[in-house]
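What follows is a set of notes on a single structure, which appears directly below.
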Amino acid sequence: MLRALLGTTLFPVAEWFSGRNVTAQYQALRTASDEAWDLRQRRNRRNLASIVSHAKANVPYYRNVLTKINFDPLRLVEDTKYLQDIPILTKRDIQEHGPSLISEAHKGFVNLQPSQTNGSTGPNLSIYYSPTAKDISAAVTRLTQDWIGFRPNDIQLHLSTKIPDHGDDRSRKIERARRLVTRRDSVEFSTLANDELLRVWDRIAKSSPFLVQGLPSQLYAIAAAVNERYGPRHGFFKVFVSTGETLFDHQRSLIELVFGCRIANRYGSAEFGILAHDDFRSELEDQNDRLMRVVDSHVWVEAYRSLSSDVSPVLVTTLNNRAFPLINYASGDITRVIRRDDGIYLVPVQGRVHDVVEVGGKTFTTQFFQDLLSARCGIADFQIIKGFNNSIKICVVPKSPSQKEKVRQVLSSTFGPLLEIEFRKYTELERVGAQGKFRYVLSADSERKS
């Protein structure tokens, strides 16, 4: 209770000292999200035309693209079908043209906030936010927490990766302060060993948070360990927010059985922040649909209409980030876009999976490798090949040749001689699936067949 009270009191003070304006953006978003759908649609069309106009005038990449096709952004106010005339932006485009996607109106004058994609649907990329866009992204988080009943004095607990020897004392103090003012606790763990999972459960039980947030595969593993040791343990938290990968039905069933909580699906990315979230207040919220409501004043979402299947790649356009505006962006995720009379909804996004790998008798999710290598080395991507006789090879894509020694040091200090390390180009990673995704873990046999 004291921690929650301190968070509520300290947040506006910390916001003022840091020069942030999250509260004002949250209030504006909340007002907008409560408007009638026809009013929101008109406003969103105007914002869409505005962001495209800004991109054409100020962003070198779009100045070239939109001038070539003689595109008039004002047409979008009347009919958004014209958005289809703009070429689709891919991760490869960002990788090749990243600097020319930064707005000239922001570059060099505004302290741009970098964000790094995690590589699950393509190469790791640097995305930039203006301070205003960063505040709006934080405000969207608060708004979607409202949708599931999270209140100002409630506590949230995040399941996080424990990264060995990462961060100095000062950075750790800053992170602890940030958690305090945002009423956010965190429990870190590295492996899926039974004793470690039960240690995480003890922390959850003692914290009694309103919500627990993390990968569904993580909480599923915790649920299995708790159920085996204690049986069902209800009443310790109310909501699990599933993020970062697809939540499968068998995972949902066990989590609900063991913890007696509600489950909220969340869809977000480094490129935009949170795009869609379950809304427990909606009349459409039921156990059959499980639809996520799009934060429609934050992003414009379309389905890739050339495909006739029930689910399609999703195309996203920012409505707020003028520093690095992504328009008709193919996120690499697959979903179904549903338009209802009160807004736009998505079915749970498909294709996001973190595999499990055993090294030296300990079980790790690929999230651990991802967080370890991203935090300590800043790599572009990686893939793990399981060989015969339990041999493990990790194929790392460094951003520069100078990173190779650092990667060797980090992996050797963490795993010793248990991993064979190989450096590859991004194009040399093995791709799977119709959308060109890849699994983080492959068998040597499947690699050879591909």
Side-chain angles (χ1 to χ4, degrees), residues 22-23 25-44 47 136-156 158 182-184 209-214 216 219 237-247 249 251-252 255-256 259-269 272-303 311 314 316 318-320 331 333 335-350 352:
V22 177
T23 299
Q25 299 294 353
Y26 159 71
Q27 292 169 344
L29 279 172
R30 188 172 181 178
T31 298
S33 69
D34 288 339
E35 290 178 346
W37 177 225
D38 59 338
L39 295 176
R40 299 206 320 269
Q41 288 185 91
R42 288 199 293 271
R43 185 195 62 245
N44 294 342
N47 288 343
I136 292 173
S137 180
V140 169
T141 300
R142 291 180 61 182
L143 176 70
T144 54
Q145 287 174 343
D146 286 351
W147 293 357
I148 60 172
F150 187 83
R151 300 164 300 180
N153 287 334
D154 288 330
I155 296 294
Q156 54 183 308
H158 291 203
T182 57
R183 308 176 307 286
R184 178 169 63 88
F210 178 89
L211 68 85
V212 173
Q213 178 183 308
L219 194 64
F237 62 95
K238 295 182 179 180
V239 178
F240 171 56
V241 178
S242 173
T243 185
E245 62 183 10
T246 302
L247 171 69
D249 287 341
Q251 294 172 327
R252 176 186 286 271
I255 291 170
E256 289 176 335
F259 299 125
C261 62
R262 295 192 72 174
I263 296 179
N265 259 308
R266 190 182 92 172
Y267 172 42
S269 70
F272 302 96
I274 298 175
L275 294 86
H277 203 290
D278 271 315
D279 185 353
F280 290 170
R281 309 166 308 163
S282 172
E283 295 179 359
L284 301 174
E285 176 69 30
D286 61 59
Q287 291 302 304
N288 295 319
D289 281 335
R290 293 173 182 161
L291 300 178
M292 297 182 291
R293 178 182 174 185
V294 172
V295 188
D296 55 75
S297 60
H298 178 50
V299 288
W300 186 275
V301 175
E302 298 270 6
V311 294
V314 63
V316 186
T318 182
L319 296 180
N320 295 304
S331 68
D333 292 311
T335 185
R336 181 157 51 99
V337 180
I338 300 173
R339 298 182 181 276
R340 299 280 182 101
D341 58 5
D342 67 339
I344 301 173
Y345 291 80
L346 305 180
V347 299
V349 173
Q350 299 180 14
R352 291 183 163 194

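Throughout, residue positions are numbered sequentially from 1 according to the sequence presented.
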### Task
Evaluate side chain to side chain contact (heavy atoms under 4.5 Å, CB included) for Phe237 paired with Leu211, printing each intermediate quantity in order.
CA-CA 6 Å; Phe237 62 95; Leu211 68 85; over 6 Å; no
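Counting heavy atoms from C-beta on, the side chains of Arg281 and Trp147 come closer than 4.5 Å. Using a 4.5 Å heavy-atom threshold, the side chains of Tyr267 and Thr335 count as separate. Between Val212 and Phe259 the shortest side-chain heavy-atom distance does not fall below 4.5 Å. At a threshold of 4.5 Å between non-hydrogen side-chain atoms, the residues Leu29 and Ser297 count as touching. Considering only heavy atoms from C-beta on, Leu275 comes within 4.5 Å of Ser269 through its side chain. A heavy-atom distance below 4.5 Å is found between the side chains of Leu346 and Val337.
Side-chain atoms of His298 come within 3.5 Å of backbone N or O of Phe272 as a donor-acceptor pair. Using modelled atom types, one side-chain atom of Asp278 and one backbone atom of Asn265 make a donor-acceptor pair closer than 3.5 Å. Between the side chain of Asn44 and the main chain of Asp296, a donor-acceptor pair closer than 3.5 Å is present. A donor-acceptor contact shorter than 3.5 Å links the side chain of Arg40 to the backbone of Asp342.
In this structure, CZ on Arg293 lies 7.5 Å from CG on Leu143, to the nearest 0.5 angstrom. To the nearest 0.5 Å, atom NE2 of residue His277 and atom OG1 of residue Thr243 are 8.0 Å apart. To the nearest 0.5 Å, atoms CD1 (Ile274) and CD (Gln145) are separated by 7.5 Å.
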